[in-house]
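Order of listing sets the numbers, starting from 1, for every ligand and every atom in it. Remember, it's a predicted structure, so these values are computed and weren't measured experimentally.
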Amino acid sequence: MQKILQEAIDNNRHWTAHGAVASYIPELAKENPDALGVCIYNIDNTTLCAGDSHTKFTIQSVSKVVTLICALIDKGKETVFSSVGMEPSADPFNSMVKLETRESHKPLNPFINAGAIVCTSMVQGDNGIEKFNRIHNMIKIMADNPAIDINQSVYRSEKLTGNTNRAIAYYLKGAGLIEKDVEDVLDTYFKLCSIEVTALDVAKMASVVANNGITPWSNERLMSIEICRIVKAIMTTCGLYDSSGQFSVEVGLPSKSGVGGCIMAVAPQNMGIAVIGPALDSHGNSMAGKKVLEYLSNELNLSIF
Ligand SMILES: NC(=O)CC[C@H](N)C(=O)O
């Protein structure tokens, strides 16, 4: 297995040259475009890593998985899906074009920025700080790592340049889809994207979903089986934005990408996988990371389809 993991990195490292690091958040442009690493956390509590797996990166949109989990726990399925849809989007992650054309103005799904901003506002808490703490704590528990914290430079960079997200959030506020102060919700969203993690952290988070909501290392139930089912379904259909279909064909695992270069993948009843490769394709998904997952899916026969 370690040999397969090493081959997945070695055979696909050249793909990093075909992508580019995100530069619309200036601080992310400083990431190493050549980095490529992977970690697997098996639900029998064994772990394997290869490549640049110690690289630290910001979680970015992978946090949207945990935001959705918290919103579903705190508000229930009916309430969450009354304000956000569950359909894939054929548009980029930060697109706002469908918000105006859809009758209800509901964002298409919880994993595009608009949907995640609505979900953030639905999480338990009287203000942004409480909502942030709720999701941050869940990330720490799911990763089994109490030291996880914000990368302050990335947070400042996101906040300073996040004008598209600001436009989306104000539109949602105007449509009545954000309950409280819109700047407070945005600040929480920027902080969540800026949480710094490693591939092992994200692999452990994915292993909880793979293990139907129970931490493999301490046997603690963090979420219901139903929530896990919903989250895996939305990851499969929406997790890689407008290339989720192709990813399902090539990899076939419920997954979520982020512009920090991480892809979190869930092999149900089996393992959590995280790849990190900051050079992105034109959809904002890790270029070489996708290829590493495709290799592992084929070699280990992981596709759910
Ligand atoms: N796809 C992503 O990872 C997007 C997250 C990023 N912080 C943004 O809001 O634009």
Side-chain angles (χ1 to χ4, degrees), residues 19-31 33 56-68 84 88-97 99 107-121 128 132 135-136 139 150-172 178 182-183 185-197 199 201-202 205 234-235 237-244 247 255-265 274-287 289-290:
V21 294
S23 55
Y24 76 100
I25 301 169
E27 202 61 26
L28 291 186
K30 297 181 184 168
E31 288 192 69
K56 286 191 167 184
F57 53 89
T58 52
I59 191 165
Q60 296 296 335
S61 287
V62 176
S63 65
K64 293 175 166 83
V65 174
V66 186
T67 302
L68 174 61
V84 63
S89 143
D91 302 310
F93 63 83
N94 56 1
S95 174
M96 57 184 102
V97 66
L99 294 180
L108 273 162
N109 67 66
F111 289 166
I112 53 172
N113 290 8
I117 291 169
V118 170
C119 285
T120 304
S121 85
F132 173 76
I135 303 165
H136 184 201
I139 290 174
I150 294 175
N151 176 322
Q152 292 292 341
S153 321
V154 174
Y155 165 55
R156 277 194 299 273
S157 192
E158 295 244 7
K159 204 171 157 99
L160 207 64
T161 59
N163 293 316
T164 306
N165 287 322
R166 220 162 259 126
I168 290 171
Y170 274 93
Y171 186 86
L172 293 167
I178 289 182
V182 66
E183 282 297 336
V185 172
L186 270 165
D187 188 55
T188 308
Y189 172 82
F190 293 138
K191 279 188 188 147
L192 289 169
C193 291
S194 309
I195 287 176
E196 193 166 65
V197 286
D201 293 329
V202 177
M205 290 163 68
I234 308 267
M235 287 173 85
T237 51
C238 312
L240 273 82
Y241 312 111
D242 45 339
S243 69
S244 299
F247 187 81
S255 298
K256 182 74 204 84
S257 63
V259 290
C262 179
I263 305 176
M264 168 204 260
V275 289
I276 173 66
L280 308 176
D281 67 11
S282 59
H283 304 278
N285 303 320
S286 174
M287 185 76 217
K290 282 183 315 186

* Return the set of residues passing salt bridge (Lys or Arg N to Asp or Glu O under 4.0 Å) with Asp242 (not counting sequence neighbours), or none when no residue passes. => none
* Asked: Which atoms of ligand 1 are found less than 4.0 Å from any heavy atom of Tyr241?
  -> 1 (N), 2 (C)
* To do: Tell me which protein heavy atom sits closest to atom 2 (C) of ligand 1, plus the residue, atom name and distance to 0.1 Å.
  => Ser61 OG, 2.5 Å
* Asked: Nearest to atom 7 (N) of ligand 1, what protein heavy atom do you find, and at what distance?
  -> Gln60 OE1, 2.6 Å
* Asked: Short list, please: which atoms of ligand 1 are under 4.0 Å from a heavy atom of Tyr24?
  -> 4 (C), 6 (C), 8 (C), 10 (O)
* Structure fact -> Atoms of ligand 1 under 4.0 Å from any heavy atom of Glu158, numbered from 1 in the order shown, are 7 (N)
* To do: Show which atoms of ligand 1 fall inside a sub-4.0 Å distance from at least one heavy-atom site of Gly258.
  => 3 (O)
* Identify, with sequence neighbours excluded, every residue that meets salt bridge (Lys or Arg N to Asp or Glu O under 4.0 Å) alongside Lys56. => none
* Roughly how far, to the nearest 0.5 Å, is CD1 of Ile112 from CE of Met96? -> 11.0 Å
* **Enumerated ligand 1 atoms positioned under 4.0 Å from heavy atoms of Cys193** => 7 (N)
* To do: Please confirm whether the backbone N or O of Lys159 pairs with a side-chain atom of Arg166, one donor and one acceptor, at under 3.5 Å?
  => yes
* If you measure from each non-hydrogen atom of Asn94 to ligand 1, which part falls under 4.0 Å: side chain, backbone, both or neither? -> neither
* Kindly say whether Pro92 contributes a backbone atom to a donor-acceptor pair with the side chain of Ser95 at under 3.5 angstrom? => no
* What are the atoms of ligand 1, with element, lying closer than 4.0 Å to any heavy atom of Asn165? -> 8 (C), 9 (O), 10 (O)
* Could you walk me through whether Phe111 and Met235 pass side chain to side chain contact (heavy atoms under 4.5 Å, CB included), step by step? => CA-CA 8 Å; Phe111 289 166; Met235 287 173 85; 3.7 Å; yes
* Structure fact -> Interatomic distance, OH@Tyr171 vs CD1@Ile117, rounded to 0.5 Å, equals 14.0 Å
* Could you list the atoms of ligand 1 found under 4.0 angstrom from a heavy atom of Tyr189? => 5 (C), 8 (C), 9 (O)
* Member of Met264, Met205, Lys256 meeting the side-chain contact (heavy atoms from CB on, under 4.5 Å) criterion with Val66 -> Met205
* To do: May I ask you to list the atoms of ligand 1 that are less than 4.0 angstrom from any heavy atom of Phe93?
  => 1 (N), 4 (C), 10 (O)
